[in-house]
Structure formats: structure tokens, C-alpha cells
2 protein chains.
Amino acid sequence: MAGRRRWSTEEILDAAVELLRTSDAESFSVRKLAAVLGTDSSSLYRHFRSKTELLRAVADRILLAAVDGYRPEGDWKQRITALALRVREAFGEHPQLAAVWARYASGGTGSRLVMEEVLQALSASGLPDAEIPARYHRIAVLIAALIASEAGVGAVTPEERAQGTELFRVAVFGADPERFPALARFARDVRPLGADRRAAFEEILAAHLAHIEAATSPTRGPARGGPPRR
Amino acid sequence: MAGRRRWSTEEILDAAVELLRTSDAESFSVRKLAAVLGTDSSSLYRHFRSKTELLRAVADRILLAAVDGYRPEGDWKQRITALALRVREAFGEHPQLAAVWARYASGGTGSRLVMEEVLQALSASGLPDAEIPARYHRIAVLIAALIASEAGVGAVTPEERAQGTELFRVAVFGADPERFPALARFARDVRPLGADRRAAFEEILAAHLAHIEAATSPTRGPARGGPPRR
DNA sequence: ACCTGAACACCGTTCAAGT
DNA sequence: ACCTGAACACCGTTCAAGT
């Protein structure tokens, strides 16, 4: 695939995205990327100070691609939800990028676009400006945590998953009903963490946004920071 | 520290907990554990099929220690919150264990205890039994995601953190106000993902539990699954 | 029966030596 | 000025050979 020539930083990032997409989870390495490019791993260290810096740059590309084509639609909750689902989708097949993103935030144009959209949506929500940065932070933490942890679940190898499922089954069905009465009672319907992730993601986010909304609406909920007047 | 003798599975796990606690983040390895025990890494593979299986067992110990001494107090929300904070605390210094736990769930006695407590708290909340397993699942996903991602943030090396902070600063303050008006407006108050994690954890969890409560209380919120009668 | 040593197939990163 | 090769200091895991 690769002749011998000089590669620009951009081309390296393109190749990294491609390699991450085609290689199976957790197996990306600097050495493999170099091999794909037909060069030595050491030469990549002129473009990036470390593997983390490289992955961070790739994560921002993914984010950029995720936001590409997004047009705000609906109320502020729908806008945030649509954006979050796009980001989730984008990182869905890139477990290690999700982890890097959640750890450090990518800090590039992709990041900026996502931040901007969420901040605009919150501005449209009726929240007082003074509360927006903190609300934004909680939303970002929540979304990043859910996406990264979901990606982590996705990165589990089939046999590890099988072991985990078996352990879960034993933990739930093997529990002594005397000591664990509630567990025994709900054993049949309790699901492992990895089950049903998309619905869980949407519901948890929806719950969080609904909670914010309750704090902004005068007729409902306890508005923090004094009663609103109309 | 180590004479040459046979080690039981339990002793290996004790040593692993100790090594994880004293070693700095992300540097735990099977080989180091073997070195601490004065044996060869290969001999550990009679006790565990893989590093993951070993870490899973260790994670369950951590969970067990976290729940040890816990006594239910207060209403159902306070009980879940207290438990979650204990688990958070326990995994706070064990990033890789948190990741393993969130990926597969540990499936041991520690897991069982946590599940039991949360299920009991939910039973006391007034939710109909039919809704409890799904509610439990969302709570578990949320808590695991927050803890694992927080642990991930904690595992970042100082210089990586410095790079990340700088990138964030540039992304926020360097944004073109024309293209990113909201970002420009809130630049001064927006915090990076890693900031203020404990408060974020508590607030996000509180919001989620409040949302559940709103669904159970007849006088408030839209109760899913038909109107309650009293 | 149990454990060891050596090996396999990898990592990220550095740096002297080459072109 | 740029890149390479080789090396350093590691990994998880397997398995023949030893006790």
C-alpha cells in the first residue's frame, strides 16, 4: 500500500483513522500505523510527541466528522440529544479514541463545534447565563462518561464477554435468598451493565435534560437560585 | 519481601491489591505482581486464565471493601448516593480496576452486595416492582460510567494533563467569536472535563435520582405507565 | 504434580548513525 | 535536514523442560 515518501501530519492522521476503523478494538499501535505508511515508527515522533498526542488529534477528526452535517433542529433538548447521539455513534467503533477523548478532551475544531452547539442550545433553554457554564460541564461529563464507558464495553473480546456474562449469571442466580432477598426477587429481570446500551444512553441523557428543564420552568420543580418571576 | 513458596489464589489477590495501591496508575503488570511474590509470571496462569480474570477478581475485593461497614441510612436516594460515593472512593485510586469493573462487572460477592443494596433502596422508593429492574440498570450504567471515566481522568500523567489543559485553553480562548459566539461568551467560565469531578458526580447522580422520584410521586411529573391513583 | 526458564510476538520511545 | 535501524525497557501468554 505504501511507497516511500514523506508523509504530512494530515496524511498520518488520515491513515490513523483508517487503521482504527479497520483494525479490531484495542489493537492499534504506533508500529502498525508506521507499517501501513511503509515507514518506521520512530519517524512518526517528529509529528507527535507521543501516542496520546496522536490519538488526541485523531479523536478531534472523529468529532469533526460526527458534527459534520449537523443542523440544529427542534427545542434545546432535542438539539443536545441529536448532537450527543452523533458523537456517540462516531466513537462507537473507536473505543480507544473515546477513552482518550473523555480523559483529556481533544481540544481541536471538533471540540469547539460540539461545545458551541451545546452552549447555544443551553442559551435557548431559558437558563440564566450565570448557570450555563456549570450545566454545560455536567452535561459534558455525563455524555463523555457514557460514551467512553460504552466504547469500553464494546472493546471487550467475545470470550471475555462470555466469562463476564457467566459471572453475572452466577452472581445473580446463585445468590442466597436469605442474604440477598431483593436480588433473588429481581434476578429474572436484572440485566448486565452491557445490555441495552443505546436505550440506556438515551434515557439517562433525557432524564438529565428533563431535570435541567424542571429547574428552568416556573410552574414546576425547585428553581435553584431564587424563584423566577414572570 | 518474598520467600519461595506456594501462593494461594487469595494471597495473590492480596498482593495484587497492595501492588495496585502502591504502584502509580496504569503501571500494574502480571510480571510485576509475580516479581513482588518472588515467582515467575507464568506460575500465576494456573490461578487465572488471563490478566482480565485476575483484575476482575481484584475489582470484586475492592467492591467488597467499599461496601464493608455500610449501613443503610436515610431515604432511598440517600442510601443509593452513600453507596455510590463509597464505590467511587474505592475505585478512585484504582483506575484500571474501575475500567475492568465497568466493562464486565466483577460478578462476585462485592457485586452482589452493591446490587442488593440498590435494589432494596429502589424497592423502598415506591416504584412499582415492574419498573425496578430497568431503573436499576440505568442507575448502574450511570454510576459505572461516571466512576470509570473519572478514574480514567485520574490516570492521566501530569504532562499529558498539562498538554490537555493547554489544548482546552486554546480551543476555548482561541475560538473565532464570529463562528463560535456562545463559546466566546462563556469562555471565561467554562471548565474542562476533568474539573470538579466530585461535585459533578454528586450532582449528576442526584439529578438522576430526583428524576426517578418525580416519576413515582403522584403530585408531580409525568408518571410513566399510567396515572397513579390514591 | 507443580513450577520454571525461555521463548514468542508484541509494545512505546529514544538516539546514534547514516543518507 | 531528515529518516532509519537498532536498541532499551518493557508487555501478556504459552509450553517444553526440569524438579
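First the proteins, then the strands, lettered A, B, ... as listed; each starts at 1.
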Distance, P atom - from D:dA9 to C:dA9, rounded to whole angstrom: 23 Å

In whole Å, what separates the C1' atom of C:dC2 from that of D:dA17? 13 Å

Nucleotide C:dC11, atom P - distance to CD of A:Q96 in whole Å: 12 Å

Regarding A:D40 and A:R31, does a basic nitrogen lie under 4.0 Å from an acidic carboxylate oxygen? no

Can you check the B:L33 CG to D:dG12 P distance for me, whole Å? 10 Å

What is the distance from CG of B:L55 to P of D:dC11, rounded to the nearest Å? 14 Å

Looking at D:dC10, I'd like to know if its phosphate oxygens (OP1 or OP2) sit under 4.0 Å from a side-chain N or O belonging to B:K32. no

Any pair with a residue in residues 176-186 of chain B that passes salt bridge (Lys or Arg N to Asp or Glu O under 4.0 Å), sequence neighbours left out, goes on the list, sorted by first then second residue, please. A:D129-B:R185

What residues, two or more places apart in sequence or in another chain, satisfy ring pair (Phe, Tyr, Trp, His ring centres under 6.0 Å) together with B:F91? B:W101

NZ/NE/NH1/NH2 to OD/OE distance under 4.0 Å, A:R56 and A:E53: no

A:P72: which residues meet the side-chain contact (heavy atoms from CB on, under 4.5 Å) condition with it, sequence neighbours left out? A:Y70, A:R79, A:E117

Run the side chain to side chain contact (heavy atoms under 4.5 Å, CB included) test on A:V100 and A:V58 for me, step by step, so that the C-alpha distance in whole Å, both residues' side-chain angles and the decisive distance to 0.1 Å come before the verdict. CA-CA 10 Å; A:V100 166; A:V58 180; over 6 Å; no

Find out whether B:F48 and B:I12 are in side-chain contact, i.e. whether some heavy atom of one side chain is under 4.5 Å from a heavy atom of the other. yes

Can you sort out the partners of A:A151 under side-chain contact (heavy atoms from CB on, under 4.5 Å), two or more places apart, ordered by chain and number? A:P95, A:A98

Can you give one letter per nucleotide of nucleotides 13-19 of chain C, going 5' to 3': B for a protein heavy atom under 4.0 Å from the base, S for sugar-phosphate only, - for none? BBB----

Length of the line joining B:E53:CD and D:dG12:P, which is rounded to integer Å: 15 Å

Nearest-Å distance, CZ (A:R46) to C1' (C:dG12)? 16 Å

Whole Å only: how far is the CD1 atom of B:I12 from the C1' atom of C:dC2? 13 Å

Test your reading of the model: is there a side-chain donor-acceptor pair from B:Q120 to the backbone of A:A182, 3.5 Å cut-off? no

Using whole Å, what does the distance between atom C1' of nucleotide D:dC2 and atom CH2 of A:W7 come to? 16 Å

Give each stem of DNA chain D as a range with a range, requiring at least 3 consecutive Watson-Crick or G-U wobble pairs whose two distances are under 3.5 Å. C:4-8 with D:12-16, C:12-16 with D:4-8

